[in-house]
Amino acid sequence: MLIFALRRILGMIPTLLIISAVCFTVIKLQPGSFTDQYLEDPRFTKATVAAITRQLGLDQPAIVQYGRWLWGVITRLDFGFSFASNAPVITQIGERLGWTVFIALLTLLVSWIVAVPLGIYTAFNRHGVAASVANFLGYVGLAVPDFLLALLLVVLTLRLGSRNVGGLFSPEMIDAPWSWARLGDLLAHLWIPVLAVGLEGVAGLMRQMRASMLDVLSQDYIRTARAKGAAQRTVIWRHAVRNAINPLISLAGLSLPTLISGTIIISIVMNLPTIGPLLYESLLNKDQYTALTLLMLSAVLLLIGNLLADLVLAWVDPRVRYS
Amino acid sequence: MTYRSTFSSTLLTSTVLLSALILVGSAAAAPKKMAAYPKLGVTTGKSGGNYTLALGDSPQSLMYYGVIDNNLGLIAQQLFDGLVEFNLDTYKLEPALAESWTISPDGKAYTFKLRQGVKWSDGEAFNADDVVFTYQQLIMNPEARAGDAASFMLGGKPITVEKVDAGTVRFNLPQPSPTFLLQLRNFIMPQHKLGKYKGADVNNAWPTTTPPADIVGTGPFKLQGYTPGQKVSLVRNPNYWKVDSAGNKLPYLASLDFLIIRDPQAQVASFLASNIDQINISGAQFPDLKQKEVAGAAFKVIRSQALFGSPPFLAYNFDAADPALAKIFSDTRFRRAMQTAINRPRIIDTVYNSLATLPGHGVAPVNTAFYVKTTAQLGKFDLSAAGKALDALGLKDTDGDGIRNISKGKNLEFDLTYGTDSSVYPQMATILQNDFKQIGVKVNLKGILSSKLFSTGMSGDWQAILAAFGDQPDPELRKPIWQPGGALYYWHRSLQPAKDGETPNLAKMQPWEKQIYDIFDKGSVTTDKTQRKALYARWQNLFAQNLPVTPIAKPDNIGVISNKYGNYIYNLGVIPGYNPVPLVYQK
């Protein structure tokens with residue numbers, strides 16, 4: 001198992017190298033330059049453009065820029081400098097990473113808690129009214145974009161006279177020390193994005209769970225278990241669900257990169273300090289090292305998610321062996 | 001011109017020693033008394049309270065001269081002051097950190113007497129070294145990303161600054177400059193905190209992680225805290241040097257918060273939820289908020305005519321890649337004919353909800369110092385006249401497909417590039433497209449991000465474009481835009497000199513372009529007020545007749561303010577030397 005994991009990790013290195021080169025090329029292929037965004041500013045002269053271009057090393061050939069970045073990453077784990085925020089890329093990401101992970105995990109949790117039981121339920125009660133309603137609502141959740149749902153909820157809370165229409169905290173709570181009141185304030189703000197993003201994933205997960213449940217229920221070992229007189233509960237939870245959940249684990253692994261890109265729009269609309277808008281802005285502004293690092297982070301998360309999914313699968317499913 | 005604050009000397013002699021000492025102390029501190037501004041509705045406020053504003057994004061740094069960043073600018077405006085500032089009502093220059101100044105008869109030496117007793121927010125004394133440091137090491141530093149070295153070069157030679165004594169600073173100009181005083185609105189920074197940064201290092205000074213106590217200024221507020229991506233909080237600077245017209249200490253507010261909210265709609269939602277107390281809105285957002293105000297909401301929507309701001313215009317590429325298009329685009333008769341097909345009243349009505357006025361030509365109509373009424377030159381919307389004018393140019397529909405032909409078998413059609421993510425450009429572009437179609441001119445809409453409009457313009461890879469350039473109080477400040485061959489004169493790029501600072505391609509200029517070019521050259525060395533006004537009046541007329549670009553409308557300023565606050569004056573944004581916030585008070 002350890003050897004398997006190690007081999008996989010080593011295998012990631014050339015993959016990441018290729019990904020970084022491709023990403024950098026794509027970023028460079030965009031027309032315009034980082035300094036374009038300032039053109040409207042009266043303080044922005046041609047000499048300024050020249051000075052900034054030189055200071056940022058943008059006057060060097062693209063291959064040199066890429067090489068320097070890569071060398072920095074390899075030798076000092078230095079992921080470059082964010083042009084837009086005038087700070088190391090790492091600091092930029094670090095400031096937002098905590099909230100990003102927290103919000104993403106919370107929404108993932110919400111969608112799993114809602115979707116998995118519903119999937120199991122609809123598998124057992126395929127033609128019931130409740131299952132149809134659940135399916136319908138799931139589809140609605142899938143069809144309505146998360147930011148739209150969030151906006152609807154914002155309008156609703158505004159109508160009800162609440163002040164919690166965006167951000168993580170009420171203004172006076174933002175720099176307050178942690179307390180129960182602050183936690184309550186956080187939750188009062190977070191339910192809108194968590195619900196809006198979480199519900200979007202519910203339909204997909206639910207259908208996946210339902211399908212693999214149905215698949216598993218028709219398997220021989222379920223029949224055997226039933227024939228041996230195992231209780232219904234044991235059949236469902238010990239045998240059926242444990243096997244049916246395999247595809248979902250892979251799905252969970254694949255959903256790690258959504259940490260970064262999954263919540264861009266809702267983070268902008270709901271004003272959440274997560275990484276999503278940072279990626280969006282950096283791509284628009286040609287803030288190349290920030291964009292590159294975030295894309296790399298996304299790729300790393302995807303690879304790691306895959307690896308984790310494989311390892312968890314081996315643990316959950318006795319048929320999977322890597323040694 | 002000389003300004004001097006006066007105080008009664010008889011008082012000094014007639015009081016006991018102790019109080020005399022106090023009086024001497026306070027007289028030496030020479031706080032600036034703000035004007036009364038009855039026209040702006042400013043009254044005496046009361047001390048205390050908090051005021052929350054919106055910030056479009058996180059500041060990139062806390063070093064104003066290190067990054068070009070409007071969000072930092074909004075904060076810096078509350079933390080720092082310049083030597084001079086605008087009168088909030090008349091836009092005339094007044095003393096700020098400089099108490100008075102004299103200009104030598106040849107117009108080449110400016111001597112500033114600094115305000116006595118001004119202290120930085122950490123208690124250190126403000127003096128001539130700070131001014132010299134700020135200008136030498138920050139503003140005139142070509143490596144500082146947001147410095148302004150170019151404005152401190154005149155005719156290729158640098159302006160120098162020297163300390164005369166602890167309270168006096170002198171600037172020496174290589175040639176007279178009519179707008180030099182305007183440049184002195186630049187914020188002065190503390191040498192005792194920043195003196196160690198030289199060259200390109202200034203860009204890395206004061207990152208957003210700097211402890212707030214290290215950010216030291218002379219402004220009405222000082223930094224208290226910054227929560228990344230969420231909030232910047234400021235508190236009153238107890239050492240601030242301004243008092244209101246009744247002599248009360250300013251600012252009135254005890255604290256000032258900026259909530260970081262990226263999305264304009266989210267800002268409005270936050271305002272409606274009373275999380276922020278004031279926002280600036282666009283004409284498109286106006287009806288909804290006005291309706292709420294009329295229905296009794298606890299805020300007011302305030303409309304005012306704009307001096308600054310970016311009026312949109314339609315530009316045709318004189319150097320379009322297609323030679324036939326380039327030929328008609330650079331023909332003044334064509335641009336004038338097309339202007340008649342621009343329905344400005346309709347655009348003002350529908351796109352701006354009537355919250356805009358007819359535009360000036362490079363100067364805002366409300367700018368009494370320079371504006372010349374050119375409204376008649378804008379023409380009336382008249383499609384048949386436009387059609388006839390195009391006919392006269394030989395642009396007729398020869399193949400009967402309803403579209404005029406440039407040449408045989410070739411239609412008069414062009415791409416119109418506009419910003420898709422703006423609240424005004426998409427509607428404006430559609431209106432133009434429809435009206436132009438009526439006169440047989442086919443327009444293909446080409447949407448791009450608004451932030452890319454200028455770079456697209458500068459790249460030369462476009463045919464027609466809807467864009468905007470900011471108005472400033474003095475045309476000289478926008479010379480690179482409006483002087484043919486200037487760095488930002490992008491609709492006729494072939495005039496650009498091969499190298500920066502060299503003479504542009506004068507031979508390629510059309511006669512009217514050459515005239516405008518000469519006007520700006522002359523304007524930048526003429527100091528006489530009347531002469532300058534006459535020069536720029538000629539420029540506006542040439543502009544209106546020849547339409548290097550066709551201005552469309554001048555949007556109004558619209559601000560929304562909670563009823564909890566008094567003394568609100570429209571917040572222009574980042575305009576150094578124009579800061580009405582110290583007068584705002586919580587009722």
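These values consider heavy atoms only, across backbone and side chains, with no hydrogens, waters or symmetry-generated copies. A, B, ... follow the sequence lines: proteins, then strands. Residue 1 opens every chain.
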(request) Look up atom CE in A:Met173 and atom NZ in B:Lys231, then write down how far apart they are to the nearest 0.5 Å. (result) 10.5 Å
(request) Look up atom CG in B:Asp263 and atom CE in A:Met270, then write down how far apart they are to the nearest 0.5 Å. (result) 10.5 Å
(message) Evaluate B:Asn204 against A:Phe81 for side chain to side chain contact (heavy atoms under 4.5 Å, CB included), listing each step before the verdict.
(response) CA-CA 11 Å; B:Asn204 304 323; A:Phe81 205 74; 4.2 Å; yes
(request) Look at A:Arg54 together with B:Glu143 and state whether they make a salt bridge at an N to O cut-off of under 4.0 Å. (result) yes
Close side-chain approach of [X] to [Y], heavy-atom, < 4.5 Å:
| X | Y | answer |
| --- | --- | --- |
| B:Asn203 | A:Gln55 | yes |
| A:Trp99 | B:Gln230 | yes |
| A:Pro171 | B:Asp257 | no |

(message) Using modelled atom types and a 3.5 Å cut-off, is there a donor and acceptor pairing between side-chain atoms of B:Lys452 and backbone atoms of A:Leu284?
(response) yes
Please give me the minimum heavy-atom distance between [X] and [Y], naming the atom from each residue.
| X | Y | value |
| --- | --- | --- |
| A:Ser162 | B:Ala273 | O-CB, 4.2 Å |
| B:Ile260 | A:Asn271 | O-ND2, 2.7 Å |
| B:Ser58 | A:Arg96 | OG-NH2, 3.9 Å |
| B:Arg262 | A:Ser267 | NH1-O, 4.2 Å |
| A:Val154 | B:Ala269 | CG1-CB, 4.3 Å |
| B:Pro228 | A:Pro273 | O-CB, 4.4 Å |

Of the backbone (N, CA, C, O) and the side chain (C-beta and beyond), which part of [X] lies under 4.5 Å from a heavy atom of chain A, both, or neither?
| X | answer |
| --- | --- |
| B:Asn50 | neither |
| B:Thr227 | side chain |
| B:Ser450 | neither |
| B:Met458 | side chain |
| B:Ile68 | both |
| B:Thr208 | side chain |
| B:Pro142 | backbone |

(request) Any chance you could lay out the side-chain hydrogen bond (donor to acceptor under 3.5 Å, both in side chains) test for A:Ser170 and B:Asn275, step after step, and finish with the verdict? (result) CA-CA 7 Å; A:Ser170 304; B:Asn275 288 336; 5.8 Å; no
(request) Mind ranking B:Ile261, B:Leu259, B:Leu72 by heavy-atom pairs under 4.5 Å with chain A and telling me who comes out on top? (result) B:Ile261
(request) Between chain A and each of B:Ala144, B:Ser274, B:Gly66, B:Gly225, count heavy-atom pairs under 4.5 Å; write down the option with the most. (result) B:Ser274
What part of [X] gets closer than 4.5 Å to chain B, counting heavy atoms only: side chain, backbone, both or neither?
| X | answer |
| --- | --- |
| A:Ser82 | neither |
| A:Ile268 | both |
| A:Leu272 | backbone |
| A:Leu56 | side chain |

Give a yes or no on whether [X] atom [atom1] has more than 12 heavy-atom contacts from other residues, nucleotides or ligands under 6.0 Å away.
| X | atom1 | answer |
| --- | --- | --- |
| A:Leu183 | CG | yes |
| A:Trp180 | CH2 | no |
| A:Tyr280 | OH | no |

(message) For the interface with chain B, which of A:Val165, A:Ile174, A:Leu278 has the highest count of heavy-atom pairs at distances below 4.5 Å?
(response) A:Ile174
(request) Report the option among A:Pro277, A:Ala84, A:Ala87, A:Ala50 that has the most heavy-atom pairs separated by less than 4.5 Å from atoms of chain B. (result) A:Ala84
